[in-house]
2 protein chains.
Amino acid sequence: MKPEGAFRSNRATRPRPTLSGVEHMPARERAYHDLRYRILTGRLAPGTTLLETELAALLSLSRTPVREAAIKLAEEGLVSIRARHGITVRDLSLRDVAEILDVFSALEIRAVALVARRGLSRAEHEHLANLLDRMERHTASGDIGRWSDLDDDFHSSMVSLCGNGRLQHTLGEYWGQQFRARMLVLPLRPSPHQSDREHREILAAVHARDEEAARAAHLRHRARADAQQLALLKSRLPPGAPDKTDEEETA
Amino acid sequence: MKPEGAFRSNRATRPRPTLSGVEHMPARERAYHDLRYRILTGRLAPGTTLLETELAALLSLSRTPVREAAIKLAEEGLVSIRARHGITVRDLSLRDVAEILDVFSALEIRAVALVARRGLSRAEHEHLANLLDRMERHTASGDIGRWSDLDDDFHSSMVSLCGNGRLQHTLGEYWGQQFRARMLVLPLRPSPHQSDREHREILAAVHARDEEAARAAHLRHRARADAQQLALLKSRLPPGAPDKTDEEETA
DNA sequence: CCCGATATCTATGTATACATTATCGGGCTT
DNA sequence: AAGCCCGATAATGTATACATAGATATCGGG
């Protein structure tokens, strides 16, 4: 999916849609990662409904670990469990995406502020600056896919430096949902010159250890980028978008 | 614990440490609420370690629902599960509290901004203003306990009006942890005149539908209040505080 | 022909049985 | 005497069996 960031960055808090070292995990984790992977890559399409039994059969496991995995996915917002109606891969309505981006960006802004407070080591700064360099090259060459991967890496690397484990953990839980939304609009995305500029601004503020400036810069960045993403989605979905107003989190 | 807010406010997203309508819940939920209650009220003290079997016996249930409840509590940060070593009620180090407050306030600030964007109905504004009135009376009479309950109600009522279900849900998950931290410093807390003033400011900005002002006001409020809380904790814990630097979320 | 009550069937929720594996203690070796 | 290895023990992880409750379909009545 991406070039596997130079240093440890974020593997732990942000389980990417990859299925590498899944061999000797407990079954529950295998089930979780497997299903998550299938959902994020679209192999399990939104709307797909499966019973616990069917999932168990699909993964060649018993219901117990599959059930626990499903509960975790539900709390993560990727599926919804309706008792006696099975486990359904959630569809992302416009409203859902708005909610997700709101939470995600609020947390990310705080993370960036913390990084600014803490400051960057030379290596960290170079890593981040290097990411921005590469992104700008991809912007120039119009390779929006690679740009997007690096964008994600930039944001995630920032977060991984914030020093707040809970913040990272919760951001990780929202990452999957945000990823799906991102994939929806990727092909529609215009040239990200503006984002590139904003990233430089953010990095500069963080590097200067100016917490307020960093917070403000990242707030502006996310506000603009999120609004753009929503606008693109709105222009794309409406055709036959049911935009289900289903309330109630899976809890 | 508190006077049961005038309108629906928040019961759903913020499971208070109360054990009222637990009768006809599924066993897993009973277990979850029961254990959560015991932890938040201190009946299960930090450091207490129990095996799945022991918990099951304690609650007169089989391991299955108890286990699922324990996993949920672990994801909520109230206990940590160490395979083959049992389920331990987490202790709150200074660092833990700092992490929790960071996440909690970041989310709450966003929630308040959303409420400001959305605006308040007449009834909603009156409810909130009424809470502030009562808080100020308790400040005057020095009843810090009642003040704290209303403070929590004010913040939670705000959140319940933000219109973002996921935001409410995640805040609810952090509420328990935040509650524990709050209880630790309650007796040490000085007269909350400053908070009262800030609350008025926040409510005014929200009522005026000035999103930026509301965000800024709430940010200031939380930054100051959180710093104060941490300072109080620091002055209290150090005596014999191990301040475990145990990293690694339960995940 | 439609509506409603009931019975059956099935998916989940819970309990229990079984397998796996880490930990702890004892005994052996050096 | 100290350290290591091995095995017994026990706790978790997983599978399965059982109970419950909800949904559907059928049958009878209006």
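Nothing here was measured: the structure is a model prediction, and the numbers come from that model. Note that these values count all heavy atoms, side chains included, but never hydrogens, waters or copies made by symmetry.
Here the P atom of nucleotide D:dA23 and the CG atom of A:Leu51 are 14 Å apart, to the nearest Å. In this structure, CD of A:Glu29 is placed 16 Å from C1' of C:dT20, rounded to the nearest angstrom. Atom CD of B:Glu52 and atom C1' of C:dA15 are 14 Å apart (whole Å). Rounded to whole Å, atom P of C:dT12 lies 6 Å from atom CD1 of A:Ile87. Taking atom CZ on A:Arg67 and atom P on D:dG13, their separation rounds to 16 Å, with Å as the unit. Put simply, CZ on B:Arg30 is 11 Å from C1' on C:dG13, counting in whole angstrom units. Spacing between atom CG of A:Leu50 and atom P of C:dT12 amounts to 10 Å, rounded to whole angstrom units. Protein atom CD of A:Glu68 is 15 Å distant from nucleotide atom P of C:dT12, rounded to whole Å.
Side-chain proximity of A:Thr53 to C:dT12, D:dT12, D:dA15: nearest is C:dT12.
With a cut-off of 3.5 Å on both Watson-Crick or G-U wobble distances, the partner of D:dG30 is given as C:dC1.
Counting distance only, with no hydrogens placed and no angle test, the side-chain atoms of B:Arg63 and the base atoms of D:dG13 include a donor-acceptor pair under 3.5 Å. Side-chain atoms of B:Thr64 come within donor-acceptor range of the base of C:dA15, with a qualifying N/O pair under 3.5 Å. In terms of polar N and O atoms assigned as donor or acceptor, the side chain of B:Arg84 never comes within less than 3.5 Å of the base of C:dA22 in a complementary pairing.
Between the side chains of A:Arg110 and B:Ser105, at least one donor N or O sits under 3.5 Å from an acceptor N or O. No hydrogens or angles considered: nothing links the side chains of A:Asp153 and A:Ser156 as a donor-acceptor pair under 3.5 Å.
Comment: A:Arg222 engages A:Asp226 in a salt bridge, judged by a side-chain N to carboxylate O separation of less than 4.0 angstrom.
Remark: side-chain polar atoms of A:Ser148 are not paired, donor with acceptor, to backbone N or O of A:Gly145 under 3.5 angstrom.
Mapping A:His85 and A:Pro65 onto DNA chain D via the closest heavy atom, the residue that lands nearer the 5' end is A:Pro65. Taking for each of A:Ala83 and A:Pro26 the nucleotide of DNA chain D with the nearest heavy atom, the 5'-most of the two is the partner of A:Pro26.
Within the model, atoms CZ of A:Arg36 and CZ of A:Phe179 stand 9.0 Å from one another, a figure rounded to the nearest 0.5 Å.
Note on B:Arg28: only backbone sugar-phosphate atoms sit closer than 4.0 angstrom, heavy atoms only; bases stay farther off.
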